[in-house]
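What follows is a set of notes on a single structure, which appears directly below.
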Number of protein chains: 2
Amino acid sequence: MQHIADLAGVSRATVSRALNDSSLVNEQTKNKIKLIAQEHNYVINEAARNFRLNQSQTVTVVMMTDPLVNQQSFDPFFMEMIASLLEALAKSELDMLVSQEPITDAAAFRNSRIYRQSLGLIVIGQGQGHEQLNELASDKLPMVVWGVPTHGQTYHLVSTDDKQGGKQATQHLINKGCKNIAFFGDKASADSELRYQGYCAALNEAGLAINAELDITVPFVTDKAKNVINAFLDAKPKVDGIVCCSDLIAMSAMSCLQEHSLKVPSDVAVIGYDGLSFTERTSPPLSTINQDIRQCAYKLVDCLVGLINGKQVENTLADVQLIERKSTQRN
Amino acid sequence: MQHIADLAGVSRATVSRALNDSSLVNEQTKNKIKLIAQEHNYVINEAARNFRLNQSQTVTVVMMTDPLVNQQSFDPFFMEMIASLLEALAKSELDMLVSQEPITDAAAFRNSRIYRQSLGLIVIGQGQGHEQLNELASDKLPMVVWGVPTHGQTYHLVSTDDKQGGKQATQHLINKGCKNIAFFGDKASADSELRYQGYCAALNEAGLAINAELDITVPFVTDKAKNVINAFLDAKPKVDGIVCCSDLIAMSAMSCLQEHSLKVPSDVAVIGYDGLSFTERTSPPLSTINQDIRQCAYKLVDCLVGLINGKQVENTLADVQLIERKSTQRN
DNA sequence: GATATTTGTACAATCGATTGCAACATGGGC
DNA sequence: GCCCATGTTGCAATCGATTGTACAAATATC
C-alpha cells in the first residue's frame, strides 16, 4: 500500500480511503489511485484488514448431529446442505468454516475460537443442544439455526413444515388407493416425530386407523436399515404403502420390497422425503417430499446476514412440496 | 495477552513464548502462564497472529469443473470429496475455503486473493486448465491436484487408476458371462477416456470384439442421461452388460432398463463407478468400482501438508477396487 | 572476590491496514 | 485583506501478536 501511495503521490491513508470509497477523497484522486492499484495488481491484505477492524469474514457452520454415516461416507442431505451453504455464503462474500463438534456446553463454547472469531453462526440441527442454543441466543453473536420449532425456543430458526410434509406424503399414498400405510423413520429425531404427526393426521382425516404395527423405527443412515426393513417384511405384514422419513430409507425400502418379490408401486407404494436429486434415477423413480435444501440454505444465509447487519429478522417456516415421479413403461 | 502478562507478573513477550512452548522460557514460568491463561479463558487472536506471521491457516479448494448439476443439486461425487476434504483438513487444523471458479488464466490467478492469501491449494479436476496448472506448478505456493495423469504434467497429482478401474469393471461383467458389453460415459472428460481404454483392454484380453455401436456418450450429470439411454434401448440393441462411468449413470441405466422390461442383472448386467454409498440401496444393489474418495481426500491433504512443510512428495496413483453387491432374494 | 558464562525476561520494533484529528488549500463573503 | 466554511489530505496512533536484541540475575570459574 505504501508503494501505491508513493506512485500516486499521496499518503497511505488516502489510498486506504480511496479503495474503501470514502467520501473524504476527491473523485479524481480516488480514480487515479484505483487505477494505479489495479495496474500494479495490488490486492489488499485481508489478514491485516480483518485484524485492524477486529472482525472476520468467516461464518462457522456447526453440525449438531454427526453427518458421518460410517467410516465411508456422508448423508447426502447434509452434504447438499453444506454445498448449498457454501454457495450462498460465497455470494455474500463470506468464508465458511465447518465444525463437526456439536455444542454441548454453552459456557465452554463461548470461550472457543469459533465463538470468539466468527462473524456469525449457522447451526445445522438441534441435536441435544436445544437448551444450549437458547442460552446462546441472547448473545451478540449472530446465530441462525436450521431445525425444528421447539417449545420455548428463543433462537432464530429456519425450518420446513415437517408435519405438513408428513401429511402430504401420506395423503399422496392415500390418493393412490393405499389403505395400510406404514411409517418408516426414527422418531428420536424431532423432525421425524413431526412427520409422524402429519402421517397420523392424514390417516385420521381419511378415516383410516393408525396401526402401531405399521409404525417402524428405521434408523436414518446406517446399514442397519435394511435389516430392520427385511425383518418387518419377513413377517408378511398387510401393507400397501410406506411413508419414509428420508429418500435413503425409501431406497432401502424399495430394494427390500423387490427382494421380497413385491412390486413397487403396484403391490406396495413408497414415498420418500428430502427431494434429493437421485430420486429421479431410482427404479421406479421415487416420489418424494422436497425440502428444497438449496433454498433453505439461502434463507439461512439471508437471515444471518440480516442479523449481522443489525436487522430484525423473522423465523422462517418453509413449505415443502410433493415431487411426483412416475415410471414410463416402454415397449 | 497484556492482561495475562500482568497477572503472571511477566511481560507480553514471555507470555507469547510460553504459549508457543519456546525453550527460552523456564518450565515453571511456562506452566504458570498456561494455567493463568486457561483460567481466564484466554484464546489467542488468530487474526493478529496470522497477520504478524504473514500466513494463514486457510487452504483453498478450487473446483475446476462445475459441480452444479442444475439449479437444484450437486454431484454426490464432488460433494463427498468436499466433505472428506473438510474432515481431513480439520484434522490438520486447517481451514478450508472453496472456490467454484476454475483457473483459466494463471497470470490473473496469481493476483487473486486466493492465490496470495492461501496456505496452499487443492485443485479438484483439471478441466481445461492443464497448461495453467503446469504454469503454477513452479510457484512457491503448495498445490496438489486431483485429476488424471497427463502428458507433460509437472504439478503434484493424486489420482486413481482409471484405466485399471475400467478394466476391472468390464472384467467383472465378462466373468458374469456377458458378451455384448456397452460403455456408458462421456469421454470428453479425461478420466472417462481412460476408463474406456480399460474397457477396451478387457474386451481384447477376453477375445471379445469392440463394437462402436455399444460405445454410448452419456452425459455425466444432467437429466439428459435418461433420454440418451432410452433412445439407445429403444433401438433394441444386442446388449447384455453395461459399464457405466458413474454410479448416477448406472442408476439411470437400471431405471431405463427396467422401464424397458429388461431384468437387471439377468437380462442386462450393470456396473457403476465411484463407489458411492447409496449403491447398496439401489434395487438391485449395484456393483461398482470404488474410488475411496475419503481416502483420496486424506491423500490430497497429506500431500499438501508435506509440501507446506517443505518435504519432497510423490504423486499418488491409488488403486481402485471392485465392490460386488448382490441381491438377496427372499421368500 | 572479580570475571565469564549461562539462563530467563523485558524492551521495542514490526506486520498492513484504518481512522480521529490536525493541517492545509481554496474560494466566498464581508 | 482578513476570516471562515468547506473540502481534501497527511500524520500518527492503533489493533494483538511475534521476535531480535539487550539486559539482568544466577551460577560457574579462576
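In this text the structure is predicted, and so the values were computed from the model without any measurement. Here is how names work: the chains are called A, B, and so on, in the same order as the sequence lines, proteins then strands, and each is numbered from 1. Because only heavy atoms are used, hydrogens play no part in the values below, and waters and symmetry mates are left out as well, while side chains stay in.
- Note: CG (B/Asn45) to C1' (D/dA17) measures 8 Å, nearest angstrom.
- Rounding to whole angstrom units, CD of residue A/Glu27 and C1' of D/dT9 are separated by 15 Å.
- Between B/Arg49 and B/Glu46, none of the side-chain N atoms (NZ, or NE/NH1/NH2) sits under 4.0 Å from a carboxylate O, so this pair counts as no salt bridge.
- Within 4.0 Å of A/Asn20, counting heavy atoms only, lie sugar-phosphate atoms of the nucleic acid but no base atom.
- Between D/dA17 and B/Tyr42, a contact under 4.0 Å exists linking OP1 or OP2 to a side-chain N or O.
- Contacts of B/Asn54 with the nucleic acid, taken as non-hydrogen atoms under 4.0 Å apart, are absent.
- Heavy atoms of B/Ser22 sit nowhere under 4.0 angstrom from any nucleic acid atom.
- In the displayed structure, A/Gln55 atom CD is contacted under 6.0 Å by more than 12 heavy atoms of other residues, nucleotides or ligands.
- Comparing C/dC21, C/dG16, C/dA10 by their nearest atom to the side chain of B/Ala13 picks out C/dA10.
- Note: CD (B/Gln55) to P (C/dC15) measures 16 Å, nearest angstrom.
- With D/dT9, C/dA17, C/dG8 as the choices, the nucleotide that has an atom nearest any side-chain atom of A/Thr29 turns out to be D/dT9.
- Listed nucleotides: D/dA13, C/dT9, D/dG16. Nearest to the side chain of B/Arg52: D/dG16.
- Ring geometry, A/His130 versus A/Tyr155: the interplanar angle exceeds 60°, so the pair is classed perpendicular (tilted spans 30 to 60°).
- The distance from atom NE2 of A/His3 to atom P of C/dA17 is 13 Å, rounded to the nearest whole Å.
- Using a 4.0 Å cut-off, no side-chain N or O of A/Arg12 falls inside it from OP1 or OP2 of C/dG16.
- What separates CD of A/Glu46 from C1' of C/dT18 is a distance of 14 Å, to the nearest Å.
- Between B/Trp146 and B/Phe77, the ring planes are tilted. Angles from 30° to 60° get that label.
- Atom pair B/Asp6:CG and C/dC11:P shows a separation of 11 Å (rounding to whole Å applied).
- With A/Asp139 contributing its side chain and A/Leu141 its backbone, the two residues share no donor-acceptor pair below 3.5 Å.
- In this structure, B/Leu53 reaches the sugar-phosphate backbone alone: every heavy-atom distance under 4.0 Å involves primed, P, OP1 or OP2 atoms, never a base.
- Of all nucleotides listed (C/dA17, C/dT18, D/dG10), C/dT18 comes nearest to the side chain of A/Ser16.
- Sequence order on DNA chain C of the closest nucleotides to A/Ile44 and B/Ser23 puts B/Ser23 first from the 5' end.
- Rounded to an integer number of Å, the gap from B/Ile33 CD1 to C/dA10 C1' is 12 Å.
- Summary of the strand contacts: B/Leu24 and A/Asn26 both lie near DNA chain D, and taking for each the nucleotide with the nearest heavy atom, the more 5' one is attributed to A/Asn26.
- For A/Arg17, counting side-chain heavy atoms from C-beta on, the closest listed nucleotide (D/dT14, D/dT18, C/dG20) is C/dG20.
- Taking atom CD on A/Gln2 and atom C1' on C/dA17, their separation rounds to 12 Å, with Å as the unit.
- Checking D/dG10, C/dA10, C/dT18 against the side-chain heavy atoms of A/Arg49 singles out C/dT18 as nearest.
- Electrostatic pairing of B/Lys91 and B/Asp302 does not count as a salt bridge here, judged by no charged N lying under 4.0 Å from a carboxylate O.
- Checking D/dA17, C/dT18, D/dC11 against the side-chain heavy atoms of A/Ser11 singles out D/dC11 as nearest.
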